[in-house]
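Some notes on the structure that comes next.
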Number of protein chains: 2
Amino acid sequence: MATINDVARAAGVSPSTVSYVLSGRRPISAQTRERVQAAIAELGFHPHAGARALASSRTNVLALVVPLRVDVNVPVIMQFATAVVTAARTHNHDVLLLTKDEGTAGLERVAHSTMVDALIVMDVEKDDLRIPALRRLKQPSVLIGLPADPDGIVCVDLDFAAAARETLRHLAGHGHRRIALVGPSPAVYRRGTSYAERFLAGFAEESAELGLETMTHPCEPGHDGVRTCLADIDAELPGVTALVVHNEEALRPLLDQLRTAGRRVPADVSVVAVCPRDVALAMPIPLTSVDIPSHDVGGLAVETAMKLLDGRSTEQIRLLPPTLVERESCAPPRE
Amino acid sequence: MATINDVARAAGVSPSTVSYVLSGRRPISAQTRERVQAAIAELGFHPHAGARALASSRTNVLALVVPLRVDVNVPVIMQFATAVVTAARTHNHDVLLLTKDEGTAGLERVAHSTMVDALIVMDVEKDDLRIPALRRLKQPSVLIGLPADPDGIVCVDLDFAAAARETLRHLAGHGHRRIALVGPSPAVYRRGTSYAERFLAGFAEESAELGLETMTHPCEPGHDGVRTCLADIDAELPGVTALVVHNEEALRPLLDQLRTAGRRVPADVSVVAVCPRDVALAMPIPLTSVDIPSHDVGGLAVETAMKLLDGRSTEQIRLLPPTLVERESCAPPRE
DNA sequence: TTGAAAGCGTTACCAT
DNA sequence: ATGGTAACGCTTTCAA
């Protein structure tokens with residue numbers, strides 16, 4: 001493998017000059033630049049990442065921590081991960097993939113051994129034990145989600161409270177007054193993944209503000225969970241005309257069971273989902289939904305990490321405004 | 001940050017001794033080892049990854065290339081990725097995540113800059129352009145899949161041909177004679193992802209051997225695709241009693257449409273799926289299926305990469321035997 | 001605009 | 001069983 005010294009010799013310049021041609025950190029005459037670049041091409045020179053990291057204290061690698069437990073949201077996580085990788089590449093960075101199950105130890109390992117310049121952490125819980133650990137690292141980190149005490153750490157996410165409000169306003173605008181929320185599984189609430197609570201809060205507020213009759217109900221995974229959930233809703237809020245579903249996994253069985261029960265969407269009951277666009281589109285009826293913009297959030301996370309690395313300033317919490325997209329699962333309630 | 005020299009000084013030994021304590025590459029007296037370990041703990045020493053890579057020509061990082069196009073199989077890919085990360089960690093390696101869309105350039109970039117020790121490549125196509133590039137790298141690589149000319153590169157995968165045979169034997173054992181295969185989307189065949197063809201080949205062979213009446217039909221994504229596919233099957237092979245579904249995405253709509261048409265599973269028609277276990281279980285009826293063992297394949301890929309790095313010998317092609325799991329979607333055909 | 005040379009923190013070879 | 005010390009390949013300060 002050719003080294004920077006080989007290149008320097010071939011181009012008749014000093015190694016530092018080659019380095020500067022590569023980094024652009026100081027002016028180089030057009031002549032020399034060309035000679036150097038020719039030598040680089042001819043020798044097939046590629047800088048050694050380890051040597052660079054050692055000399056510059058920069059790895060050009062980002063750590064991305066994904067939840068391993070194949071919870072509810074595999075496709076979202078995957079979308080997110082690819083978004084992060086793609087965005088990182090536009091900033092000349094690579095991505096080291098860590099799983100959440102390594103916990104604090106994993107973060108400390110890659111940070112202390114200087115494998116990465118910054119960390120991006122998904123699936124953050126309300127009182128996530130990893131947060132105090134992240135604070136202690138010399139590398140900056142960006143969280144996806146919103147822990148109870150985000151002090152000193154930058155967070156990005158979809159504004160789930162606003163999403164809930166938007167959803168209710170949309171349904172109320174169509175004339176709905178009795179609306180039920182099918183929430184994530186109890187496990188999600190228990191785990192304290194804050195998006196669930198933020199959505200709930202927005203839902204409650206807007207419901208009060210608009211004077212709606214609403215209720216909320218978590219939904220266990222699987223067909224039975226959905227069955228129970230629907231039964232409870234009918235018992236507690238009879239004559240409900242619209243369902244807000246913030247539970248990707250429940251979406252399918254829920255639609256199935258509505259159909260089986262002879263309740264047509266949207267003729268008999270309207271449905272608004274909170275999920276990625278493609279999930280909404282993959283349903284038997286294209287669902288009106290608030291999109292979860294994994295791609296944007298991922299891009300924003302990387303963008304933010306880059307700012308931190310450059311010492312540029314950043315908002316500490318950045319919540320993306322939701323967009324509700326009308327499709328075919330919403331209609332005015334029947335008279 | 002403490003360096004190995006700091007540790008050496010604190011422990012009253014030479015830096016090389018500290019290094020050897022860490023690597024275990026030469027015998028160390030219990031005494032010294034303890035003193036060194038104490039010093040390491042006290043100073044919170046963590047070896048610098050870049051420095052290590054520079055001195056040892058080993059990064060302890062594996063590259064994993066995943067398809068970015070959110071094709072059919074997002075959950076499988078995710079399962080696979082987490083399996084690779086988990087397995088890599090047990091060998092003290094980390095995983096750098098690359099996306100397929102970077103193509104050959106991405107592979108060369110991480111390999112030439114010595115960011116990784118080996119590469120694991122998913123979603124390999126029959127005449128994948130990346131393969132000649134991989135051959136030229138000094139790092140070894142392991143493919144998931146089976147290209148047309150795997151010469152010089154190690155491949156691991158599920159034995160899809162055997163999976164097809166197993167499936168047909170199972171159905172024939174139940175007394176089925178007229179069986180249709182619902183295959184992947186035409187796009188998959190076009191792309192030349194070899195697993196589709198291997199399954200097809202096994203299906204044809206075993207069908208002939210058992211003297212069955214079979215047909216095969218690719219299946220476009222979406223509800224319409226499934227509808228068309230089912231209609232074609234009924235036209236071409238009337239009285240079909242069993243369906244083999246090698247198309248995760250089609251599974252749901254297919255079951256829906258059978259039910260809508262009043263054909264009950266398994267009373268009226270048996271269904272065997274080829275998909276990950278959890279997908280089979282998530283269906284309204286737990287499906288008899290040949291599991292796609294992402295976890296095992298991922299683990300095997302890493303294991304194989306480690307062998308190559310250690311200079312241990314390896315089979316060039318390793319196809320995992322399929323397991324068919326009986327669940328509730330298979331029964332003898334109606335009289 | 002360019003060069004020289006001192007690190008960066010390990011490893012591994014050569015000694016003892 | 002342990003120590004000394006060249007590498008490893010690059011960046012960056014200091015000089016010119």
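Chain letters run A, B, ... following the sequence lines, proteins first and then strands; every chain starts at 1. FYI, side chains are in, hydrogens and waters are out, and symmetry mates aren't considered; it's all heavy atoms of this structure.
For the pairing with A:Ser194, the side-chain contact (heavy atoms from CB on, under 4.5 Å) check across A:Asp128, A:Leu146, A:Val124, A:Asp127 returns one residue only, A:Leu146.
Distance, B:Met1 CE to C:dG9 C1': 13 Å, rounded to whole Å. To the nearest angstrom, P of D:dT11 lies 12 Å from NE2 of A:His48. Atom CZ of B:Arg35 is separated from atom C1' of D:dG3 by 13 Å (rounded to the nearest Å). In this structure, B:Arg58 places its CZ atom 19 Å from P of D:dC8, rounding to the nearest Å. Spacing between atom OH of B:Tyr20 and atom C1' of D:dT2 amounts to 10 Å, rounded to whole angstrom units. Here the P atom of nucleotide C:dT11 and the CG atom of B:Leu54 are 11 Å apart, to the nearest Å. The distance from atom CD1 of B:Ile4 to atom P of C:dG7 is 19 Å, rounded to the nearest whole Å. Whole-Å rounding puts the B:Arg52 CZ to C:dA12 P distance at 10 Å.
Contact annotation for A:Val18: no contact, since no heavy-atom pair falls under 4.0 Å across all strands. Backbone-only engagement by B:Thr32 is indicated by non-hydrogen atom pairs under 4.0 Å involving sugar-phosphate atoms exclusively. Counting any heavy atom pair closer than 4.0 Å across all strands shown, B:Ser16 reaches a base atom.
Taking 4.0 angstrom as the limit, A:Ser19 places a side-chain polar atom (N or O) nearer than this to OP1 or OP2 of D:dT11. For the OP1/OP2 pair of C:dG3 and a distance below 4.0 Å, the side-chain nitrogens and oxygens of A:Ser14 include at least one atom meeting the criterion. Applying the 4.0 Å criterion to OP1 and OP2 of C:dG3, one finds that A:Thr17 has a side-chain N or O inside that range. Look at A:Ser29 and you'll find a side-chain N or O under 4.0 angstrom from OP1 or OP2 of C:dT2. The side chain of B:Arg25 contributes no N or O atom lying less than 4.0 Å from OP1 or OP2 of C:dT11. One finds no side-chain N or O of A:Ser57 lying less than 4.0 angstrom from the OP1 or OP2 phosphate oxygen of C:dC8.
Look at B:Arg130 and B:Glu125 and you find no salt bridge, because none of the NZ, NE, NH1 or NH2 atoms lies under 4.0 Å from a carboxylate O. For A:Arg135 and A:Asp149, the salt-bridge test passes: some basic side-chain N is under 4.0 Å from an acidic carboxylate O. Between A:Asp157 and A:Arg318 no salt bridge is recorded (no basic side-chain N to carboxylate O distance below 4.0 Å).
Closest approach to the B:Pro27 side chain among D:dA1, C:dT10, C:dT2 is made by D:dA1 (side chain taken as heavy atoms from C-beta onward). Of all nucleotides listed (D:dA1, C:dG7, C:dG9), C:dG7 comes nearest to the side chain of A:Ala55.
For the residue pair A:Gln79 and A:Asp278, a side-chain donor N or O sits within less than 3.5 Å of a side-chain acceptor on the partner.
Put simply, the side chain of A:Arg26 and the base of C:dT1 share no donor and acceptor less than 3.5 Å apart.
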